[in-house]
Structure formats: structure tokens, C-alpha cells
Amino acid sequence: MVLNLISNVMFFVSGYVLHYFLGNSMPPAAYGVVGTIITVLDFEYMFVSNGARQSLASQISRHKYDIGDVIGKTLLFQLLVIAVFFSVNFFGAPLFGIVLNDESLDFYFRVAAFLVIANGLQVILLGINDGLQRFGTSALLSTFYPIAKLGVIPLIIFVFADDPVLGVEIGFLLAVALTILLGCVILAVNYAPLKVHRPQKVPFGEVAHHTLSFSFFFIMVSLVLSVDTLIVKAVVEPAAMAGYYTGAMNFGKIAYYLLQAFSTVILPVVAKLVAEGSLDRALERIRELLLLVFVFILPIPVVISASSGSLLLAFYSEGFTVAAPTLSCLALSNFFMGMTVILNMVLNSYGSSRFSDALSIVSLVVVVPVFILSAKFGGIVAIAVASVTCTFITMLVSFVRAYRKVGAVITRTAWLVLGSNIALWLAVWFGFRFFSTSNLLVLGLVYAVVYVGYIGVLMAAKVVSISSLKKLGA
């Protein structure tokens, strides 16, 4: 659990270090190009990462099929998926330039096509380690990769000063290559489990079904969280707005990254209890998880949302404060989407995935046209408002379904904590009307004081206590 949390935290911490450098060393328009490339890749990674990794891990850990056969067929299907998205990026690069209103994207999308290959192969290694129950190795690789990505900074300074966008792509490629090399070395040191043979072979159709079914829901999540950046790039003028929106999105995603880490670590416990028939204990764990999220995670996007202008000023520059209302919405939007993921993972633990599939289909149909119209007529603020509205609705619908399927997942204490977060937003918003700083260290200190003070108030009011927190950690 600790290693997994460390790897997720390192992922977004190193990401913010990188974006701090990029946002302050590149023109907003060029920064917007980087944001566009990363957004498209993030969406494509949903096809080549989550499904393959989870399918491979589950098939290996069940010890039903021959390990070599499972790895071979999963790799074959993964290569087919990779080939599709490589072709989309490489041969469809001119179309991206036309749709996104920037001809300079052609070359960068062709380079990005090779990133799809590298990342698609990297997740195969992660899936193998997960299936062999080598979670420490998976966490090590997941921690090493974001640290290696920081190599982008010296590359841009010393090699690609005239083309920083290409420097970002080459840096990412080198980071993935080094991670794959490290993973292969670790796997080669102890490859004995891979030599175990079983007579039964896994059907290729089963591999394809498992891979695609898990990916589908996360494709919807990625679309809601990422397509807005592409739409801004395509329809909002001037081009600098894409850079400002990218800056806002980077901080907006903090809550989602944290919630993703918690759901990955804790929710398997729920699935195990449901499988054992311990439904009361499963409901208790779900309630504890949600209380933990509301106490420790929700205050982070709340504070960011209420102080968005000061954060953008301190991290980037005064020009980025035009995106302050956008960040206020996106910080909450990403939290709502993270909660949607947690709730749907819980629901899937209780049986059929039909609700998640239906939610995904409706979201895919509704979100894109709503975002396009919002950006076209209202710019980056309107599309952020559309985003927070859509994610709130998906979260609310998921909560209703959870209440009907699982039971009362939110306790009275959790409702009190939700109310306290609303009060926290108002207090921080009011406080930052009188206080502003362009010093990032000072702002970070203020955030730390506010966060610790908020937790202290909850404990003083006996909304939460040390004993209850110990229970959550048990």
C-alpha cells in the first residue's frame, strides 16, 4: 500500500516539477502544443495500458492457464492495439493539424506515435509483475518512470533549446526506454516463475474480451478529463488560451491522481469481502474509505479551487491568472470524476458492469458536443463549467446507484465533513480576497497551515478523532 501511494505521489509531483519548468520557459502557445500532445497520448494510453495490464495480471494470478501462453497472447493483442494507434498518430498527423487548427502538430504527432509503442510495451512488464504478486517491483518501475521523465529539463536546456516540444517527446521516450530496460533486468534476475508450464491454453478471444472490457470505462474517464484540452486547442482563440488551459488542468488533476492511488490500494479489499459473502464488512469498508477521502483528499481541491488565482500567479506568471475561474472549476471536476471511478469500481465488485457500461456510453455521447458548444461560445471558462457540471452529474448518478445496490455508503459523520469542506471553500475564498502572493514557497506554507488547521478543527469539533483515524488505517 505504501509503495503504491509513493509511486502515485511521485508521478504527479515530478509532473508538476516538469510543468513548472515548461510553463516558465516556453511561450504559452508552445506550452499549449505540449499540453495537446500529452492530452492525446493520455487518451490513447487508456487503450494500451489499463486493459492489458489488468487482464495480464488477473490471468497470471489465477494460475489457470500456462503463463507463457498468457503473456504471449496478451502481448500479441497489445501489439495489435499499438499498431492501430501508431497508425492513427503517424499517418493521421496531418488530420490532427487540421482539426486542432495548428499545422505544426504534424511532425510532433509522428514522433508521439513512437511513444505509444514504448508505453504499450512498458505496461506488459507491469502486468507480469502484478500477476506474479511482485507489487514492490511494479511500484519501483512506476516510481522510476516519472523521475526519469525529469531528464526532459536538461535535454531542453542543452540540446533542444530551439525546439522544446521535440525535447519533451524525446525525453519521454528515453524515460520509457530506461524503465523497460530496468524492468527486463529485474525480471531476468528471477525468471523461475515464468518457466512454470500448465497444460491449459488461454483462448485469444478471452484475452481480447478481458482487455477491452476493463479499458472501456476508463476510456470514458479519459475522454471527460482530456478532450476539453483538445477542444480548447481547436476552437478557442488566441492560441495562448490552450497554454493557459493546460496550466489550469495540471493543478486540476491533483485530486484525481490522489483518488486513483487510494482506489487502487483499498478497493481490492472490498472485492475480496464481497467474494467471501461478507457484505456488512464490505459496506463498512466502503464507508471508511469515503470518510477517509472526504477528510484528507477533498480539502486539497477545495483549497485550490478557492485560491486558484494566487496559485497560477505563483506557479506560472500573471498572464496565467486569466485561467483562475477555469482552475476553480477543474479542481472540483477532477475530484468528482475520481469519486465516479471509485464508486463504479465498488459497484463492479458487487457484480455486473452494466451500469458502468451504460454510464460510459451516455457520457461519450453527451460530453463531446457539450464541450464543443461551451468552448465555442464561452471560451475556457465555459468549458470548465461544463466539465464540472458533467462530472458532478456522473458522480451523483453513481452515488444513487451505489445507495440502491450497496446501501447507505455515506454516514452522518461523512455528511458533516462534506459540510465542513463547503465552509472551508468559503473561508479560503474570503481570505484570499485580502491576501495574495507571487512567492510559491510562501503560498505552499499557507496551504500547509490551512490544511493542518482544517484537520485540527475537525478533531477539535470531534467530527473525527485519533481513534477513528487509527481504525481507518487498520
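Count residues from 1 along the sequence.
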Legend entry - Set of ring pair (Phe, Tyr, Trp, His ring centres under 6.0 Å) partners for F294, sequence neighbours left out: none
Inset, instruction - Please collect all salt bridge (charged side-chain N to carboxylate O under 4.0 Å, His left out) contacts where either partner lies in residues 292-309, sequence neighbours excluded, each pair once. - result: none
Legend entry - Check: F335 and L298 side chains under 4.5 Å, non-hydrogen atoms: yes
Legend entry - Derivation of the side-chain contact (heavy atoms from CB on, under 4.5 Å) call for L290 and M339: CA-CA 9 Å; L290 293 181; M339 287 301 303; 3.4 Å; yes
Inset, instruction - May I ask you to check whether F109 and F90 place their ring centers less than 6.0 Å from one another? - result: no
Inset, instruction - Measure from the side-chain N and O atoms of T394 to the backbone N and O of T391, and report whether any donor-acceptor pair falls under 3.5 Å. - result: yes
Legend entry - Shortest non-hydrogen contact between R287 and A408, atoms and distance: NE-O, 2.7 Å
Inset, instruction - Examine distances only and state if a side-chain atom of T340 and a backbone atom of F336 form a donor-acceptor pair shorter than 3.5 Å. - result: yes
Legend entry - Euclidean distance, M249 CE relative to T326 OG1, rounded to 0.5 Å: 9.5 Å
Legend entry - Q78 side chain vs L121 backbone, donor-acceptor pair below 3.5 Å: no
Legend entry - Side-chain ion pair, E288 and R285, N-O less than 4.0 Å: yes
Inset, instruction - Decide if the gap between the ring center of Y316 and the ring center of Y244 is smaller than 6.0 angstrom. - result: no
Inset, instruction - For residues L166 and Y108, report the shortest heavy-atom separation together with the two atoms involved. - result: N-CE2, 3.8 Å
Legend entry - Distance, nearest 0.5 Å, that separates CG of L311 from OG1 of T321: 11.5 Å
Inset, instruction - Can you measure from CG (L126) to OG1 (T137) and round to the nearest 0.5 angstrom? - result: 10.0 Å
Inset, instruction - Of all the heavy-atom pairs spanning L343 and M395, show the shortest one and how long it is. - result: CD1-O, 3.9 Å
Inset, instruction - Grab the two heavy atoms, one from N89 and one from A113, that are nearest each other, plus how far apart they are. - result: CB-CB, 3.6 Å
Legend entry - Side chain S305, main chain V302, donor-acceptor under 3.5 Å: no
Legend entry - Heavy-atom check, side chain of S14 versus side chain of Y145, under 4.5 Å: no
Inset, instruction - Output, in order, the C-alpha distance, side-chain angles, deciding distance and verdict of side-chain contact (heavy atoms from CB on, under 4.5 Å) for L330 and N334. - result: CA-CA 6 Å; L330 293 179; N334 280 265; 4.3 Å; yes
Legend entry - Main-chain N/O of F296 paired with Y451 side-chain donor or acceptor, under 3.5 Å: yes
Legend entry - R281 CZ: over 12 foreign heavy atoms closer than 6.0 Å: no
Legend entry - Interatomic spacing from CG in L332 to CG in N421 - rounded to 0.5 Å: 10.0 Å
Inset, instruction - Look only at the side chain of T389 and the backbone of V385, and say whether a donor-acceptor pair between them is shorter than 3.5 Å. - result: yes
Inset, instruction - Test V450 against L424 for side-chain contact (heavy atoms from CB on, under 4.5 Å), laying out the working first. - result: CA-CA 9 Å; V450 170; L424 175 65; 4.1 Å; yes
Legend entry - N/O donor-acceptor pair under 3.5 Å between T74 side chain and I71 backbone: no
Inset, instruction - Check whether any side-chain heavy atom of R110 lies under 4.5 Å from a side-chain heavy atom of P94, and answer yes or no. - result: yes
Legend entry - Interatomic distance, M241 atom CE to Y245 atom OH [nearest 0.5 angstrom]: 12.5 Å
Legend entry - Y256 side chain near P301 side chain, heavy-atom distance below 4.5 Å: no
Inset, instruction - Measure up the F86 and F114 rings against each other and bin them: parallel (under 30°), tilted (30 to 60°), perpendicular (over 60°). - result: perpendicular
Legend entry - Atom of L115, atom of L173 and distance for their closest heavy-atom approach: CD2-N, 3.6 Å
Inset, instruction - Could you tell me whether the side chain of V341 reaches within less than 4.5 Å of the side chain of L259, counting heavy atoms only? - result: no
Legend entry - Distance-only polar pair, side chains of Y454 and S420, donor-acceptor under 3.5 Å: yes
Inset, instruction - Evaluate the criterion side-chain contact (heavy atoms from CB on, under 4.5 Å) for residue pair Y403 and V409; output intermediate values, then yes/no. - result: CA-CA 6 Å; Y403 264 89; V409 293; 4.0 Å; yes
Legend entry - Gap between atom CD1 of I300 and atom CG of L258 - 0.5 Å precision: 5.0 Å
Inset, instruction - Answer yes or no: is there a donor N or O on one side and an acceptor on the other, between the side chain of T411 and the main chain of A414, under 3.5 Å? - result: yes
Inset, instruction - May I ask you to establish whether K405 and F355 are in a cation-pi arrangement, using a distance under 6.0 Å from NZ or CZ to the six-membered ring centre and at most 45° from the ring axis? - result: no
Inset, instruction - Identify the heavy atoms of A248 and L327 that sit nearest to each other, and give their distance. - result: O-CD1, 3.2 Å
Legend entry - Heavy-atom donor-acceptor pair, S387 side chain to I383 backbone, under 3.5 Å: no
